[in-house]
There are 2 protein chains.
Amino acid sequence: MVDRDDVLTAAQRALNADPAASMTAVAEAAGISRATLHRHVDSREALLVELGTRSLDQWEQRLDDVDVEALAASDDADRIRAALEELVLGYVDDSDVFGFALTDQVILANAALEARTQVLADREAVLFAAAQSVGVLRTDLPARWFGHAIYGLLVSGRDAVRLGDVARRDLGRLVLSSLLTGIATP
Amino acid sequence: MVDRDDVLTAAQRALNADPAASMTAVAEAAGISRATLHRHVDSREALLVELGTRSLDQWEQRLDDVDVEALAASDDADRIRAALEELVLGYVDDSDVFGFALTDQVILANAALEARTQVLADREAVLFAAAQSVGVLRTDLPARWFGHAIYGLLVSGRDAVRLGDVARRDLGRLVLSSLLTGIATP
DNA sequence: CTCACATGCGACAAGGATGTCTCAATAGGA
DNA sequence: TCCTATTGAGACATCCTTGTCGCATGTGAG
């Protein structure tokens, strides 16, 4: 028997491989018929939205895990820096599974998801701002920019691995060190 | 009268605004009828491929402008660094117009465009490698990674501007400085 | 064994986009 | 002015995808 969660996971995998995959392709990937797929999910858009929600859940979980709010109030530069690294490395791992959601037009165009994205970005931005004030992150860049920069490097990291330019196991280090210290010689 | 070039430019604009724009929408944006649009372009895919080609032309032009090959052979660290900056700032400008091509599935899935992308990425990688050997770029990162990192920051930069988190005029500086020196405090 | 329930399969209608065609209007040059 | 080439508008067939439905199958619990 195929669990609803199995279906969503399979759909995730299928859409990760081909972001334009049709419901037929998704159903095949899940090893069920299209009719059964529709017994689990109302529509293609609903599926995408649900997967988008899943990815936001995961994002939120990462933020909870490092306890963003407490951290932001802590003034502990070392812990903040460590948390930032942990966060980014976590995102890199997540991008393996949720990467397609980063650039999917249906997900990006959904108002509810966009609103929740804003909320999470706000939470994150609080941490960034705290990191700025304790001297971990540069103060000459807007706090809101950091999240975007991370996002971009996740997209490029995915791409680099897909094209074989970078080994998957090196990705975390590459993204993190490019992000924090840049690609130029110090 | 509407020039073929006008049509492509308008299509660019329309697809930039909405990457999923239909041929009807593109035609409207160009101020012509759908039939006339098809007199200029065989199919939607052909249109996308042509616009993708255009963006690669522009990329190639940027590489020509800085004379990548000569530069890579020059061993002049200052000039290489300056060229890198010029290149990236140029890309940021181009992303205004060609940004949608960065993530469009039709364009990305096209074999011919992907092949040419590889060629251009190779040219660029030569410059990156030279930059590494003269001490401008870090040697502990793969030369092929740099191009991806730039790509990612272009995507995020576009996004940041679209969401209003970053002013368009600040974008070049943000991207360039995040890329080169990272977001962490030195 | 039997029954209920989930599934696969096939068929179906609907919707949307694409590409083609024809015909009338129009603009621009001879 | 007249002729020609281009355009717009609309109609059309086609294709693909989506979502729904009915029916037969099979499996698992009791």
Side-chain angles (χ1 to χ4, degrees), chain A residues 1-55 100-101 103-114, chain B residues 1-55 99-114:
Chain A
M1 169 106 89
V2 188
D3 194 308
R4 175 191 168 82
D5 208 69
D6 295 340
V7 173
L8 290 179
T9 302
Q12 229 171 52
R13 203 172 33 239
L15 287 166
N16 227 5
D18 173 18
S22 69
M23 292 299 269
T24 306
V26 170
E28 272 175 22
I32 59 177
S33 75
R34 200 165 59 91
T36 307
L37 174 57
H38 271 101
R39 286 187 183 104
H40 288 289
V41 169
D42 280 346
S43 68
R44 185 176 202 278
E45 184 176 352
L47 172 62
L48 268 308
V49 170
E50 185 143 2
L51 292 181
T53 302
R54 262 194 164 195
S55 74
F100 76 97
T103 53
D104 185 281
Q105 291 301 328
V106 177
I107 292 178
L108 259 35
N110 183 275
L113 292 180
E114 192 167 3
Chain B
M1 172 104 91
V2 187
D3 194 312
R4 175 191 167 81
D5 209 70
D6 296 340
V7 173
L8 291 178
T9 303
Q12 226 171 51
R13 204 172 32 240
L15 288 165
N16 226 7
D18 174 18
S22 69
M23 292 298 269
T24 306
V26 170
E28 273 175 21
I32 59 177
S33 76
R34 199 163 60 90
T36 307
L37 175 57
H38 274 292
R39 286 189 185 103
H40 288 289
V41 168
D42 279 347
S43 68
R44 185 176 201 279
E45 183 175 352
L47 172 62
L48 268 309
V49 169
E50 185 143 1
L51 292 181
T53 302
R54 264 193 162 197
S55 74
F100 76 97
L102 293 174
T103 53
D104 185 281
Q105 291 300 328
V106 177
I107 292 179
L108 261 34
N110 183 275
L113 292 180
E114 192 166 3

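Computed from a predicted model, the values in this text were never measured in an experiment.
The phosphate of dG8(D) (OP1 or OP2) has a side-chain N or O of Thr36(B) nearer than 4.0 angstrom. At dC9(C), none of the side-chain N or O atoms of Ser33(A) fall inside 4.0 Å of OP1 or OP2 (strictly under the cut-off).
Between the side chain of Arg34(A) and the base of dG19(D), a donor-acceptor pair under 3.5 Å is found.
Between Leu47(B) and Ala11(B) the shortest heavy-atom distance is CD1-CB, 4.0 Å. The minimum heavy-atom distance between Ala14(B) and Ala21(B), with the atom names listed, is O-CB, 4.4 Å.
Taking atom CG of Leu47(B) as the reference point, atom P of dT18(C) lies 10 Å away to the nearest angstrom. Rounding to whole angstrom units, CD of residue Glu28(B) and C1' of dA9(D) are separated by 13 Å. In this structure, CG of Leu37(B) is placed 11 Å from P of dT7(D), rounded to the nearest angstrom. Protein atom NE2 of His38(B) is 17 Å distant from nucleotide atom P of dG10(D), rounded to whole Å. In this structure, CZ of Arg44(A) is placed 9 Å from C1' of dT17(D), rounded to the nearest angstrom. The CD1-P distance, from Ile32(B) to dT26(C), rounds to 19 Å in whole Å. For the pair Glu45(A) CD and dG15(C) P, the computed distance is 17 Å after rounding to whole Å.
The shortest distance between side-chain heavy atoms of Arg4(A) and Glu50(A) falls below 4.5 Å. Side-chain contact between Leu15(B) and Asp104(B) is absent, with no heavy atoms from C-beta onward closer than 4.5 Å.
Comparing Arg39(B) and Asp42(B) by the nucleotide of DNA chain C that holds the closest heavy atom to each, the one mapping nearer the 5' end is Asp42(B).
Among the nucleotides dG19(C), dG19(D), dT7(C), the one closest to the side chain of Met23(A) is dG19(D).
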